[in-house]
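These notes concern the structure reproduced below.
All values below were derived from every heavy atom in this structure, side-chain atoms included, with hydrogens, water molecules and symmetry-related copies excluded.
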Amino acid sequence: MGNADLRSLAALSEISFEELSGSVVAVDAHNWLYRYLTTTVKFTREEAYTTDSGEEVANLIGLVQGLPKFFEHDLVPVFVFDGGVTDLKDDEVAERRAAREKAEELKADAEERGDAVAAARLEARTQRLTDVIHETTRDLLELLDVPVVEAPAEGEAQASHMALRGDVDYVGSEDYDTLLFGAPYTLRQLTSKGNPELMDLEATLAEHDITREQLVDVAILCGTDFNEGLSGVGPKTALSAVREHGDLWAVLDAREAYIENADRVRELFLDPPVTDDYEFDTDISPDVDAARAYVVDDWGVAADEVDRGFERIESSLVQTGLDEWT
DNA sequence: AAATCAAC
DNA sequence: GTTGATTTG
């Protein structure tokens, strides 16, 4: 199962923050938080991200540490929140729940053995995005005046739709799904060190001389979040098969194979539930003091975890303010 | 989570 | 080329 490994097919290139200055980037909130919670935050210093009262605040710290990158480079993030779960994804959700429960069991075992390292690793797997995390994330974004859009379903699909309509310049994501959802340009590694990476849909299609429909077919053949791919079929095999036979159905026919829900998965990528009913203002003026008070006073985050982040946000605001006068 | 490596 | 395990960040 699992995700299509489209990396080897994607047209990627480096891009500098200078070139991106002034752009608006739609970020899938779920993905952004999930990645942040499971990688940067959880591994080493788990204690720091849980308050004395036992509240999970890693998301708040993650935002305060991650957002300055946007502000400092004059990039405006628009956070897109997931709507209801697609029914197709029920399987996936159930699977994740099972995986989580399993991980929780293993973690309990590890703790019993006194194996702290193993327990910490497993903790990452038990991680989930709770309602509290979603709500506090929204609250903090609001205080920082960061635009938020509600997706009817998949955040990635909505973000891609907004990019297709030209309402944002880029989608910010680490996933390759945005290619399938039709996002013209996706930015990767926006919060890591070094330059971001630009993923170009048109260049990807041109490079392999295929259409977006065919790219979706390739992905379905290798497996996506929504369907099991054919075993033994990876990106290379899928690509040449689609190029040879034309589309998914012809490939399945030729290989006498069957993929559950293939038609619906295809539809989901090519014509996902999205909305034009959104509105946001990219001229943002964060209330840094209120944000700091919210994080430190209301939620009990240690001040030294967020001081630097808030300082960076503050000084980036001064900077852009000056730019307007020069 | 990405890169590398071994096995099929 | 694909997959699974492994390591490192």
Whole angstrom value for the distance that separates [atom2] of [N] from [atom1] of [X]:
{"X": "A:L221", "N": "C:dT3", "atom1": "CG", "atom2": "P", "result": "12 Å"}
{"X": "A:E228", "N": "C:dT3", "atom1": "CD", "atom2": "P", "result": "10 Å"}
{"X": "A:L6", "N": "B:dA1", "atom1": "CG", "atom2": "P", "result": "17 Å"}
{"X": "A:E174", "N": "B:dA3", "atom1": "CD", "atom2": "P", "result": "11 Å"}
{"X": "A:L239", "N": "C:dG1", "atom1": "CG", "atom2": "P", "result": "10 Å"}
{"X": "A:L12", "N": "B:dA2", "atom1": "CG", "atom2": "P", "result": "11 Å"}
{"X": "A:L230", "N": "C:dT2", "atom1": "CG", "atom2": "C1'", "result": "13 Å"}
{"X": "A:W32", "N": "B:dA1", "atom1": "CH2", "atom2": "C1'", "result": "16 Å"}

Q: Report the residues that fulfil side-chain contact (heavy atoms from CB on, under 4.5 Å) with A:S23, sequence neighbours left out, ordered by chain and then residue number.
A: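 Only A:L20, A:L75, A:D169, A:Y170 meet the side-chain contact (heavy atoms from CB on, under 4.5 Å) criterion with A:S23.
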Q: Following the transitive rule for hydrophobic clusters with a side-chain heavy-atom cut-off under 4.5 Å over Ile, Leu, Val, Met, Phe, Trp and Tyr, establish whether A:V274 and A:M162 coincide in one cluster.
A: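 A:V274 does not cluster with A:M162.
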Q. Parallel, tilted or perpendicular: which fits the ring planes of A:F70 and A:W32, with parallel below 30° and perpendicular above 60°?
A.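 Ring orientation, 0 to 90° scale: tilted.
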Would you tell me if any nitrogen or oxygen in the side chain of [X] comes within less than 4.0 Å of OP1 or OP2 on [N]?
{"X": "A:R188", "N": "B:dA1", "answer": "no"}
{"X": "A:R7", "N": "B:dA1", "answer": "no"}
{"X": "A:S231", "N": "C:dT2", "answer": "no"}

Q. After noting the C-alpha distance and the side-chain angles of A:L221 and A:L252, does the key distance pass the side-chain contact (heavy atoms from CB on, under 4.5 Å) rule?
A. CA-CA 9 Å; A:L221 286 166; A:L252 290 177; 4.1 Å; yes
